[in-house]
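What follows is a short report on a single structure.
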There are 2 protein chains.
Amino acid sequence: MQWQFSNDAPIYTQLIQQVKVGIVTGAFPPGERLPSVRDLATEAGVNPNTMQRALAELERDGLVYSQRTAGRFVTEDNTMINQAKRSLAERHVKTFLEAMLRLGFQRDEIITLITQELGEEEADHASA
Amino acid sequence: MQWQFSNDAPIYTQLIQQVKVGIVTGAFPPGERLPSVRDLATEAGVNPNTMQRALAELERDGLVYSQRTAGRFVTEDNTMINQAKRSLAERHVKTFLEAMLRLGFQRDEIITLITQELGEEEADHASA
DNA sequence: GCTGTTGTCTTATGTGATTAATACAATAGC
DNA sequence: GCTATTGTATTAATCACATAAGACAACAGC
């Protein structure tokens with residue numbers, strides 16, 4: 001798990017996002033025990049309280065659950081995880097398109113920019 | 001000019017973004033005088049100091065300039081404005097694609113999602 | 001049963017963002 | 001020239017975020 005933060009948003013919200021991404025991408029598989037709050041905090045380089053806050057919020061979403069002293073676990077509900085993934089993707093798509101349309105870009109221009117950038121990334125990977 | 005803020009980022013950074021968008025979209029045309037700091041602040045529902053901070057930063061970017069007591073004006077440099085627009089777009093595209101690829105979506109899946117969403121928006125507009 | 005680890009809670013402190021309330025010099029407009 | 005408006009600066013107060021340090025009950029594992 002790679003942890004990195006920007007300074008244009010609260011750390012605890014970024015923690016929520018990154019753990020969530022870790023879950024939907026399988027870095028934290030369904031049913032698997034997460035490292036303890038303290039360990040995760042150390043790993044991410046944040047205060048245990050901050051990590052606790054993020055995990056508590058993920059628990060409210062149902063993506064993880066805690067067993068008093070045994071630790072914290074990723075949900076076994078694959079449907080919920082897929083739902084979370086689809087939800088994340090949809091929000092990204094909507095946010096992106098809203099921003100681009102607001103800037104005045106036409107639909108075909110957006111498609112063009114996307115395919116261009118995808119091509120470049122592919123080229124980058126090939127040359128790397 | 002529509003002002004709205006989320007609580008997951010400092011207001012002054014959101015102000016910077018929104019004024020910048022206003023400039024590149026022509027809501028604030030090149031060379032035009034902006035409302036005073038106080039008026040803009042009132043309009044946006046924020047403190048004048050916060051608006052001042054945002055405008056000062058836009059001034060460092062060169063998108064606006066201030067004349068002591070006459071007010072603040074949008075740059076007449078269309079090249080700079082177009083450059084800002086392209087820069088904003090590129091950042092949106094990159095951020096979006098990074099997020100989607102990290103979630104594990106394939107290139108063609110991304111294209112599909114985009115075109116789907118664009119189709120729905122078109123339908124929305126048509127029905128409205 | 002003991003012990004260490006777990007999630008959880010509490011209190012205190014520091015920092016940055018934001019608001020609030022002014023104040024000032026410069027000057028456009030009359 | 002006067003005056004109101006302008007950008008700009010200063011100081012203080014408030015709030016959320018983040019850290020720090022420590023405490024507690026519960027219980028898994030021995």
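Keep in mind the model is a prediction, meaning the values are calculated, not measured.
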When you measure from the side chain of [X] to the backbone N and O of [Y], does any donor-acceptor pair fall under 3.5 Å?
| X | Y | answer |
| --- | --- | --- |
| B/S87 | B/Q83 | no |
| B/R33 | B/A70 | yes |
| A/T95 | A/H92 | no |
| A/Q14 | A/A9 | yes |

Pull out every protein N or O sitting under 3.5 Å from an N or O of nucleotides 27-29 of chain D, one pair per line with the distance.
from   : atom 1 : to    : atom 2 : distance (Å)
D/dC27 : O4'    : A/T69 : OG1    : 2.9

Calculate the interatomic distance between [X] atom [atom1] and [N] atom [atom2]; express it in whole Å.
| X | N | atom1 | atom2 | result |
| --- | --- | --- | --- | --- |
| A/Y65 | C/dT8 | OH | P | 14 Å |
| B/Q67 | C/dG29 | CD | P | 11 Å |
| A/L58 | C/dG7 | CG | P | 14 Å |
| A/E59 | C/dC9 | CD | P | 10 Å |
| A/Q52 | D/dA23 | CD | P | 19 Å |

- Item | Short side-chain donor-acceptor distance under 3.5 Å, A/Y12 and A/Q52 |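 Note: A/Q52 and A/Y12 side chains miss the donor-acceptor criterion.
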Atom [atom1] in [X], atom [atom2] in [Y]: separation rounded to 0.5 Å?
| X | Y | atom1 | atom2 | answer |
| --- | --- | --- | --- | --- |
| B/R107 | A/L118 | CZ | CG | 5.5 Å |
| A/E43 | A/R38 | CD | CZ | 15.5 Å |
| A/K85 | B/F105 | NZ | CZ | 5.0 Å |
| B/F5 | B/Q18 | CZ | CD | 5.0 Å |

- Message: I need the residues from residues 28-43 of chain A with at least one non-hydrogen atom less than 4.0 Å from DNA chain C; give them sorted by number, or say none.
- Response: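 A/R33, A/S36, A/V37, A/R38, in order of number.
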- Task: Decide side chain to side chain contact (heavy atoms under 4.5 Å, CB included) for B/T75 and B/V64; before the verdict, give the C-alpha distance in whole Å, the side-chain angles of both, and the deciding distance to 0.1 Å.
- Result: CA-CA 5 Å; B/T75 181; B/V64 305; over 6 Å; no
- Take nucleotides 12-21 of chain C nucleotide by nucleotide from the 5' end and write B, S or -, depending on whether a protein heavy atom sits under 4.0 Å from the base, only from the sugar-phosphate, or from neither. -----SSBBB
